[in-house]
Amino acid sequence: YVITASYFWSNRDGSRERWDRGGGGGRGSMRGHSSDYDHDGGADGGQRDRPPPHLRGREIGLWYARYGAVRRKQADRRSVWVMYGRKQRSSQISEVGKHIVNTKNSSKLYHYILTVYLSMLLCLFSYSQAKDEPPDMWDEDEQEEDKEKLRIPDKDAEFLLQEIVRDRSLDDYLKSDLESKKSDMKYKEMLELVELINSNRVLVVSGETGCGKTTQVTQFILDDYINRGVGSTCRIVCTQPRRISAISVAERVAAERAESVGNGNSCGYQIRLQSRLPRRQGSVLYCTTGIILQWLRSDPLLSSISHLVLDEIHERNLQSDVLLIIVKDLLHMRDDLKVILMSATLNAEKFSQYFDNCPMIHIPGLTFPVKEFFLEDVVEMTRYQPQNRDRRSSWKRGFWQGHNSRPEKEVKEAEYREMWPCFARTLEGRYSHTTIEALEKLDNDDKIDLELIMALIHHIVREDEEGAILVFLPGWDNISSLNDLLMAQPMFRSDRFVIFPLHSLMPTVNQTQVFKKPPPGVRKIIIATNIAETSITIDDVVYVIDGGKIKETNFDTHNNISTMAAEWVSLANAKQRKGRAGRVRPGKCYHLYNNLRASLLDDYQLPEIMRTPLEELCLQIKILKLGSIARFLEKALDPPTEKAVNLSIKNLTDLNALDHAENLTALGIHLARLPVEPHIGKLILFGALLGCLDPVLTIAASLSFKDPFFIPLGKEKMADMKRKVLSRNSKSDHLTIVNAFQGWEDAKQRGARYEREYCWDNFLSANTLQMLHNMKGQFAEHLMHAGFVSSKDPKDPKSNVNSDNDKLIKAVIVAGLYPKVAMIRPCHSKKRVKVYTQADGKVCIHPKSVNSEETEFNYTWLIYHLKMRTTSIFLYDCTEVSPFSLLFFGGDITIQRDEDQETIAVDQWIVFRSPARIAHLVKSLKKELDSLLEEKIRNPAPVDWQNRQSKDCAVITAIIDLITTQENYFPRSILQRSYGEKGSYIRALKLFY
DNA sequence: ATTAAAACA
């Protein structure tokens, strides 16, 4: 059963506030007079639900009357057709009530459509559009408001100083208005939604962003409980995919309820390391999905929760998919739990089917209409002629496509090629010949045509009204090129334009400037990645240029490697991008792909659970005691492949986190408890055991979150240089971060001014550094609870006796990240060294790494964390490590004679030449260390560094001494010989001494 | 054969 309701509450409160302040452009209340009266803008534009401030007395009443009529007309018009289901199939609803509508699977499924009109809700709930901006922008806005007031003192004075005389007609109007709201049928119908929730255990609520489901549904439930006098039994938790949205939604809801967030009020939020909790009973909590997954560890039934609302599940994040599996099982154990799933319209049905065809209710969004154009329209209107390109790009595409794309994509591509001639014929007559020719040319190029985007921007600037332009591109490269192209033209350099590149690595993501509406006559152009699809919302965008591509990571199980490549967007992406143009007024969206391509786009991107390594998830499944990993994951909405699951289990077994019966080992339990992936967890444990906690936690935090460096556009080389300086010749990206972090701590201690200066000078993000700092605290707390350290302070001296020992820190990185090892082979003919891994053969050090141009290494081995295939296989971060660190903290040691050489090898492939006598000594010392570490893992206790007699201390200090001083005993390791074998290039390297 | 998508405990 599908139940469809239409709500007509004002969803544009946010835009109203903006217009009030805007003054500059469009139909602002400050400047509009008559225009506020004859109000098509009342529905589509400026003022939404309050009369303009310059109206007086009776005029206000008249305004309300008129405005109400316009709203109702709008509501009627919109309610006639409710878009429903995939591919814009629509179901007609002729009247309020229940109708049976036939949908796709007509033989199986009939849908009840219940329409609920709630147009008057706008009076009861002041709702405004959820925004995802960082909170700091609000401060800016308040300043704006102040300025605005100063600028137009007479208007304010007029409002303030007017004489108040009793106006009986207004009195009557106000009274009847209030009563009609109270008794309105439509308000009662709102209660039907609540009843639907009360009478079903699972409900799918579908609606586009901007329909208000996130802020309203939770409040409906809560208020219903309170009204029925059972408010104390209601405890609603609503999950959000992003930290910022959890906070901003909680703030909005609190504001609607005239309360502050948290403080034991009715609404609060909780995200990692930050919370403002509401009262325990009769409240709504917004939290990130990960929070719930953590709760499950202490309360597998979530027994105190009455309603679980999962928002934005259509995004198909790893965590929300996992929570869905758990919730589905949880319903068998908790018959009093209510689950509300909130999704975009496009695939809401799928969630309903997953929960045994649970009821669905649809809430139409009320964003402004956005006119869509496709490539053929864009070419026609710009009369664009593509340049002939050299053929190298298509050769390269062909070369990598087989490697980087999923097979389904290739099938789609073939289908596209096959249908192209037919499609081209349908264009004839409707489009000019030059356009069709241009389309054919464009079609043979896989790259996004930035010249075309330039032409389109020119066209918009020339022909269209004012309003910001947002361009979606897949990555840095494109953003940078388009920025250069624009900046090459004097027109765009003039003060009539402001251009913001937007990318997670660029400092612009933190600038409030980006969100501000520019002064009149100035056009804002934003060139962004998909960061502007969901994470960053810029309200005044009116024109969206959708480049049509998006970078997607994937996991290639065949070659066992993560990949990233630009792919065609999904329909969901395209829809989301389009929606970005309709936030303040009707907008336009230009898709840079043709209609044939559009018809072949996937509905959605592949769910994350099918694209990512699953090790961490497997540990979570085990610690939550959810049974067999494979059987659990089979229950997913879209299960990962068996191969991917088995690979993860194998990796965990190799890591000694799981035994062969798939049970958590002692190590596995510790790793599962730490909120990081298993390799990072191991890194953290070793940092604690070897007395270099603080720097190692910095590395762990950075690897599991992100590194704190910004890269300003156009200053890439400068940023590289700054990192190189901070590396202090450590030949390590990881120690570079430690140095940067310590520098920040020192600067911060000297004062806020110095902190700012330090971050600015070194291209560092203070926000990220602060987050890393907080995460370190969380890790240390875990370690203390587990018993590995005696203090929850990462900087406690007892945990940091060896923290100044860089060689030891590098060895700890080996202990954590092994077996992610690469071999360096100096290349004398060329500038750069060559790097190999066992499984991939030749790889490259990513140019961002401080080691990318390094030629003088002390050792021939690197340890890395992130390896990904893009145009080549890159190691994104790496640290040079010594043979002893590999011998002691790497895998199994074998000693053998190999072609008249006595050798010692780690896991058979990291081979060093060494006399058998020394090799056996190393092996037995390693054995001591292993048993000591195993004992420590079984019975965690801080190492007693004071008592040199204790066995712990003796073994560990011996090894630390060896690692620290080995150069004094052994000359530099030298590559002696290497030979290739099937699949793996290099097998042997020998330590010469 | 020189590069960077997003997000979370």
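Source: prediction; values computed, not measured. Letters A, B, ... mirror the listed sequences (proteins, then strands); counts begin at 1.
Note: CZ (A:Phe874) to P (B:dA1) measures 13 Å, nearest angstrom. B:dA4 atom P lies 16 Å from atom NZ of A:Lys867, rounded to whole Å. In this entry the distance linking OH of A:Tyr269 with P of B:dC8 reads 14 Å, nearest Å. Atom CD1 in A:Ile873 sits about 14 Å away from atom C1' in B:dA1, given to the nearest Å. One interatomic measurement links the two molecules: CG of A:Asn317 to C1' of B:dA9, which rounds to 13 Å at whole-angstrom precision. Spacing between atom CD1 of A:Ile550 and atom P of B:dA6 amounts to 10 Å, rounded to whole angstrom units. To the nearest angstrom, C1' of B:dT3 lies 14 Å from CD1 of A:Ile845.
Contact of A:Gln270 with B:dA9 (side chain to base): no donor-acceptor pair of N or O atoms is detected under 3.5 Å.
When only modelled atom types and interatomic distance are considered, A:Gln778 and A:Asn774 share no side-chain donor-acceptor pair under 3.5 Å.
Counting only distance, with no hydrogens or angles, the side chain of A:Ser275 and the backbone of A:Leu277 share no donor-acceptor pair below 3.5 Å. A donor-acceptor distance shorter than 3.5 angstrom exists from the side chain of A:Ser481 to the backbone of A:Asp477, with no hydrogens or angles considered.
When the nucleotides B:dA4, B:dA7, B:dA9 are ranked by their closest atom to the side chain of A:Ile711, B:dA4 comes out on top. The side chain of A:Arg242 sits closest to B:dA7 out of B:dA9, B:dA7, B:dA4. Proximity note for A:Lys551 (side chain, C-beta onward) versus B:dT2, B:dA4, B:dC8: the nearest is B:dA4. With B:dT2, B:dC8, B:dA4 as the choices, the nucleotide that has an atom nearest any side-chain atom of A:Glu853 turns out to be B:dT2.
Phosphate proximity of B:dA9 to A:Thr288: present, with a side-chain N or O under 4.0 Å from OP1 or OP2. Within the 4.0 Å cut-off from OP1 or OP2 of B:dA6, at least one side-chain nitrogen or oxygen of A:Ser504 is found.
Between A:His773 and A:Phe741, the ring planes lie parallel to each other; the angle is under 30°, not in the 30° to 60° tilted range.
Place A:Gln294 and A:Glu716 on DNA chain B by their nearest nucleotides, and A:Glu716 ends up nearer the 5' end. Annotation: of the two residues near DNA chain B, A:Thr612 and A:Ile271, the 5′-most nearest-nucleotide partner is A:Thr612.
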